[in-house]
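Beneath this line is the structure, given in structure tokens, with notes to follow.
The chain is numbered in sequence order, starting from 1. Values in this document were obtained by computation on a predicted structure and should not be read as measured data.
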Amino acid sequence: MSTRIAFLKGHGTENDFVIVPDPENALDLPPAAVAALCDRRAGLGGDGLLHVVRSAAHPEARGMAAEAEWFMDYRNGDGSVAEMCGNGVRVFARYLQHAGHVTEGDLAVATRGGVKTVHIAKNGDVTVGMGRALLPAGDVEVSVGEREWPARNVNMGNPHAVAFVADLAHAGDLYAPPSHAPAGAYPDGVNVEFVVDRGPRYVAMRVHERGSGETRSCGTGACAVAVATARRDGLDPAATGIPATYTVDVPGGTLVITERPDGEIEMTGPAVIVAEGEFDSAWLEGVLA
């Protein structure tokens, strides 16, 4: 017997997501089901899927339920599980507002990367406290074709390699993951950002997201880029006591990233719900058969 399952579509700087509300964690969403839903030709289409669950109802989030009512069970477009997605958190918060669960102001969202603080502004922008960046020691290189670049290893709850390039076109088509070395630097894969300067504290980037390919935007990637650029520029807010703010252009829009002296990184940008509807569980079962 088939059932109708509610979904929405949303995006943050054109990093787009299938949103599946499931407060009591009643739906079974194995990797193949997520990949089918995110398929842009045979499914609903998205860079990833936001499974909206009450923290108390999810085994991975129960320990965070006292701090955050809602858990963002995020999946990459290929169905794999990811620790965090910065644009996803903004869209997740926008969905909670759209559904009447929260209003403008502050809220907390549980993720596999910990509890994130969120502020929904009256002008529509959403600011997410992204936590602190870790800068693992050791040299890293990334390569596309015959080109190689040194990269900065930045961890935002998920791994990033940030490479400064002369031209964003040098990153190629980014259909396949760029190569990296040493191989042991990223045992679970890596998000790779290619960055060019646009002006003072103003850069542009392209990104290959682990498990999704090139996307129009990556929130944790933009944060990693801002931190890597600040260190390249000799800026460390923890040492100076002065916040460092960078504007980061992504193919899908613009994000503003601030690293505070206490190490917390804040990301501000838009989040939009574009559609909502239902899909038939029988269709999904047929795809998975």
Side-chain angles (χ1 to χ4, degrees), residues 1-12 15-65 68-99 101-102 108-116 118 157-158 188-189 191 209-213 215 218-220 271-289:
M1 181 177 176
S2 67
T3 58
R4 309 294 293 178
I5 299 173
F7 77 93
L8 300 90
K9 277 293 301 288
H11 77 89
N15 194 188
D16 65 329
F17 308 96
V18 177
I19 305 162
V20 180
D22 182 23
E24 303 310 317
N25 198 29
L27 296 175
D28 183 22
L29 291 171
V34 173
L37 288 166
C38 290
D39 189 298
R40 295 195 180 279
R41 292 179 174 83
L44 302 174
D47 292 323
L49 183 141
L50 305 176
H51 183 208
V52 184
V53 186
R54 280 193 164 82
S55 298
H58 198 289
E60 293 183 71
R62 286 185 187 125
M64 295 179 277
E69 180 181 2
W70 296 96
F71 174 54
M72 184 181 78
D73 176 17
Y74 180 69
R75 319 290 183 86
N76 293 314
D78 65 355
S80 59
V81 170
E83 301 92 338
M84 243 295 285
C85 175
N87 288 318
V89 174
R90 295 203 320 279
V91 175
F92 189 93
R94 177 69 74 229
Y95 162 74
L96 293 178
Q97 182 187 35
H98 176 84
H101 298 304
V102 303
V109 174
T111 76
R112 290 185 178 87
V115 175
K116 304 302 178 183
V118 179
N158 56 357
D188 299 317
N191 306 286
E209 284 200 64
R210 177 184 56 168
S212 297
T215 59
C218 176
T220 56
V272 182
I273 301 297
V274 298
E276 54 187 311
E278 296 178 330
F279 64 89
D280 195 325
S281 64
W283 163 76
L284 190 57
E285 291 164 5
V287 170
L288 301 178

Would you check if Val118 and Val89 make a side-chain contact, meaning some heavy-atom pair closer than 4.5 Å? yes

Polar side-chain atom of Lys9 near backbone of Gly45 as donor-acceptor pair, under 3.5 Å: yes

Can you check whether Leu29's main-chain N or O pairs, donor with acceptor, with Arg75's side chain at less than 3.5 Å? yes

Here the gap from Met72 atom CE to Lys116 atom NZ, rounded to the nearest 0.5 Å, amounts to 9.0 Å

Regarding His98 and Glu276, is there a side-chain donor-to-acceptor distance under 3.5 Å anywhere? yes

Show your reasoning for whether side-chain contact (heavy atoms from CB on, under 4.5 Å) applies to Val52 and Ile19. CA-CA 7 Å; Val52 184; Ile19 305 162; 3.8 Å; yes

Show the nearest heavy-atom pair for residues Ala65 and Ser55, with the distance to one decimal. CA-CB, 3.7 Å

Spell out, as yes or no, whether a donor-acceptor pair under 3.5 Å connects the side chain of Arg90 to the backbone of Ala271. no

Hits for salt bridge (charged side-chain N to carboxylate O under 4.0 Å, His left out) against Asp280, two or more places apart or cross-chain, chain-then-number order -> Arg4

How about Asp188 and Arg210: do any of their side-chain heavy atoms sit closer than 4.5 Å? yes

Quick one: does Asn76's side chain have a donor or acceptor within less than 3.5 Å of a partner on Gly79's backbone? no

Of all heavy-atom pairs linking Pro21 and Leu8, the shortest is CG-CD1, 3.7 Å

Closest non-hydrogen contact found for Val102 with Ala93 is CG2-O, 4.2 Å

Any non-hydrogen side-chain atom of Trp70 less than 4.5 Å from a side-chain atom of Leu96? yes

Side chains of Asn25 and Pro59, heavy atoms from C-beta outward: is any pair under 4.5 Å? yes

Determine yes or no for a side-chain-to-main-chain donor-acceptor pair under 3.5 angstrom, with Asp22 supplying the side chain and Leu27 the backbone. yes

Step-by-step side-chain contact (heavy atoms from CB on, under 4.5 Å) determination, Phe92 to Tyr74: CA-CA 10 Å; Phe92 189 93; Tyr74 180 69; over 6 Å; no

Sub-4.5 Å side-chain heavy-atom contact between Leu49 and Leu37: yes

Aromatic plane relationship, Trp283 with Phe279 - under 30° parallel, 30 to 60° tilted, over 60° perpendicular: perpendicular

Can you check whether Asp16's main-chain N or O pairs, donor with acceptor, with Asp47's side chain at less than 3.5 Å? yes

Counting distance only, does the side-chain N/O of Thr220 pair as donor-acceptor with the main-chain N or O of Cys85 below 3.5 Å? no

Determine, stepwise, if the pair Asp73 / Arg112 fulfils salt bridge (Lys or Arg N to Asp or Glu O under 4.0 Å). CA-CA 8 Å; Asp73 176 17; Arg112 290 185 178 87; 2.5 Å; yes

Is any side-chain heavy atom of Asn191 less than 4.5 Å from a side-chain heavy atom of Asn158? yes

Do you know the tightest heavy-atom contact between Gly77 and Cys38? O-CB, 3.7 Å

Is there side-chain contact between Tyr95 and His101, with heavy atoms separated by less than 4.5 Å? yes

Do Ser281 and Thr3 have side-chain N/O donor and acceptor atoms under 3.5 Å apart? yes

Search all heavy atoms of Ala282 against all heavy atoms of Ser2 and return the closest pair with its distance. CB-CB, 3.5 Å

Any Asn15 side-chain heavy atom under 4.5 Å of Glu209 side chain: yes

Is it true that a side-chain atom of Arg54 and a backbone atom of Pro23 form a donor plus acceptor pair closer than 3.5 Å? no

His51 vs His58 aromatic rings, parallel, tilted or perpendicular, using cut-offs 30° and 60°? perpendicular

